[in-house]
Novice: 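The structure under discussion is supplied below as C-alpha cells; questions concerning it will follow.
Worth saying up front: this structure is predicted, and the values here are computed from it rather than measured.
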Amino acid sequence: MKKKALITGITGQDGSYLAEFLLSKGYEVHGLVRRASNLNTQRIDHLFEDVHEENRSLFLHFADLSDASRLTTLLFSIRPDEVYHLAAQSHVRVSFDQPEFTGDVTGLATTRLLEGIRLACPETKFYQASSSEMFGATPPPQSETTEFYPRSPYGAAKLYAYWMTRNYREAYGLFAVNGILFNHESPRRGETFVTRKISRAVAKIKLGLQKDLYLGNLDAVRDWGYAPEYVRAMWLMLQSDTPEDFVIGTGASATVKDFLDYSFQEAGLDWQKYVKFDDRYVRPTEVDSLIGDASKAQKKLDWKHTLDVAGLASLMVKHDIESVTKNSHVVDVPKFL
C-alpha cells in the first residue's frame with residue numbers, strides 16, 4: 001500500500017517541491033486547492049496526471065482553510081498517513097495590512113486541521129510550517145530553545161499555530177511537529193518576496209526591460225537556504241520515532257545588500273546603479289537579524305544544507321534571465337506590490 005500524504009499549500013513554492021519529493025518516494029499525494037476563477041497551479045502543472053488514469057498518484061481537492069467542516073470531511077475520506085500544513089497568508093509586510101485575515105488563515109487554520117485529525121484520523125502525523133519570524137526581535141543565533149518575540153501579525157499568527165501544535169501533541173498524544181524554517185528560496189519563490197523580486201529585476205534590467213528596482217530595508221540580516229533541501233527536512237521530521245520540533249537553517253547570515261551583490265554580479269551589473277529606496281516596503285516593526293542554529297536537526301535527522309546564499313542567488317538569476325527571455329511578453333507583477 002502506498003503511503004498517503006495531504007499537503008495544504010501544494011501550489012506554493014514549498015508545496016510543489018514537497019509534492020515532487022513525496023511522489024519520488026512512492027507516495028499517493030493529495031493537495032488542497034483554493035477555488036478561484038483563475039487557478040494558480042503553474043508550479044505543479046508538470047506533475048499532473050490524466051484524471052482518468054486508474055493508477056495515478058496525485059489528487060487535488062477544492063477546500064478553504066476557513067472551512068473546518070470541509071477539512072474534516074477530507075481527512076475522513078483520505079485518511080492520510082501524513083499531513084503537511086504549508087498554506088498560509090505568508091507575506092510578512094502584507095500581514096500588517098491584513099492582520100485579521102492573517103490571524104485566521106495563518107493561525108486558526110492550524111487548529112481546524114489539528115481538531116480534524118483528532119476526530120477523523122488521530123494516527124495521522126502532522127507537520128506545521130512554523131517560521132523564523134516567530135523569533136522576531138530576539139538576538140541570533142536562534143534555536144529550538146530561543147525565546148519567541150514576533151514583530152508582525154504574521155509572526156504572531158505563526159506563534160499561535162506553533163503552540164496549538166504543541167498543545168495537541170501534549171494533550172491528545174498526536175504526532176504533531178513544528179518545523180521552524182528560516183528563509184528558504186528558489187526560482188519558484190513568489191515574485192513579491194524580496195529575493196525573487198531581486199532576481200527577477202536583475203534579469204529584466206540585464207535584458208533592457210526594466211530601469212530601476214525599488215526596495216525597503218537593505219540592512220536586514222537573514223539566513224537564506226534552498227527550498228528543495230528544506231522540504232526534505234519536513235519529511236525527515238515525520239519519519240522520526242517521536243514527535244519533536246526542529247529549527248532548519250544554514251547558520252550563515254547575509255544582508256539584503258549581500259543578496260543584491262551576488263545577484264547583480266551574476267549578471268555583470270552594479271546594483272547601486274539601479275536600486276532605489278521606497279518606504280512603502282518598510283515594515284512598521286522591523287526584524288533585524290534571523291540566523292538559524294540547526295545543530296539539533298543535523299544531529300537527530302542527519303539533515304544538512306549544501307547550497308549557500310551566493311549559489312542560491314546565482315541559480316535564481318540564471319533561471320529568471322532564461323524565463324524572462326522566453327516570456328518577455330508576460331505581464332509583470334503590479335508595481336504596488
Novice: Within the 4.5 Å heavy-atom criterion, are Asp97 and Arg93 side-chain neighbours or not?
Specialist: yes

Novice: Can the ring centres of Tyr154 and Phe96 be said to be less than 6.0 Å apart?
Specialist: no

Novice: Would you please classify the geometry between the Phe59 ring and the His61 ring as parallel, tilted or perpendicular, with 30° and 60° separating the classes?
Specialist: parallel

Novice: Can you measure from CG (Leu22) to OG (Ser57) and round to the nearest 0.5 angstrom?
Specialist: 11.0 Å

Novice: With Asn178 as reference, evaluate Met237, Glu144, Arg166 under the side-chain contact (heavy atoms from CB on, under 4.5 Å) test and give the passing residue.
Specialist: Arg166

Novice: Between Arg188 and Tyr17, is NZ or CZ placed under 6.0 angstrom from the six-membered ring centre and within 45° of the ring axis?
Specialist: yes

Novice: I'd like to know whether Lys276 forms a salt bridge (charged side-chain N to carboxylate O under 4.0 Å, His left out) with Asp212, so could you lay out the CA-CA distance, the side-chain angles of the two residues, the decisive distance to 0.1 Å, and finally the verdict.
Specialist: CA-CA 7 Å; Lys276 297 182 179 180; Asp212 303 308; 3.4 Å; yes

Novice: Fit a plane to each ring of Tyr230 and His184, take the angle between them on a 0 to 90° scale, and name the class: parallel (under 30°), tilted (30 to 60°) or perpendicular (over 60°).
Specialist: parallel

Novice: Are Phe193 and His91 close enough that their ring centers fall under 6.0 Å?
Specialist: yes

Novice: Using a distance-only test with no angle check, is there a side-chain donor-acceptor pair under 3.5 angstrom linking Lys296 and Ser143?
Specialist: no

Novice: Once side chain to side chain donor-acceptor pair (under 3.5 Å) is applied, do any residues pair with Arg196, and if so which ones, sequence neighbours excluded?
Specialist: Asp320

Novice: Just to verify, what does Ala129 make a side-chain contact (heavy atoms from CB on, under 4.5 Å) with, not counting sequence neighbours?
Specialist: Leu86, Tyr127, Lys158

Novice: Could you tell me whether Lys197 sits above the aromatic face of Tyr214, with NZ or CZ closer than 6.0 angstrom to the six-membered ring centre and within 45 degrees of the axis?
Specialist: no

Novice: With heavy-atom distances below 4.5 Å as the criterion, would you say the side chains of Leu215 and Val194 are in contact?
Specialist: yes

Novice: Nearest 0.5 Å, what's the OG-CG distance between Ser132 and Asn183?
Specialist: 5.0 Å

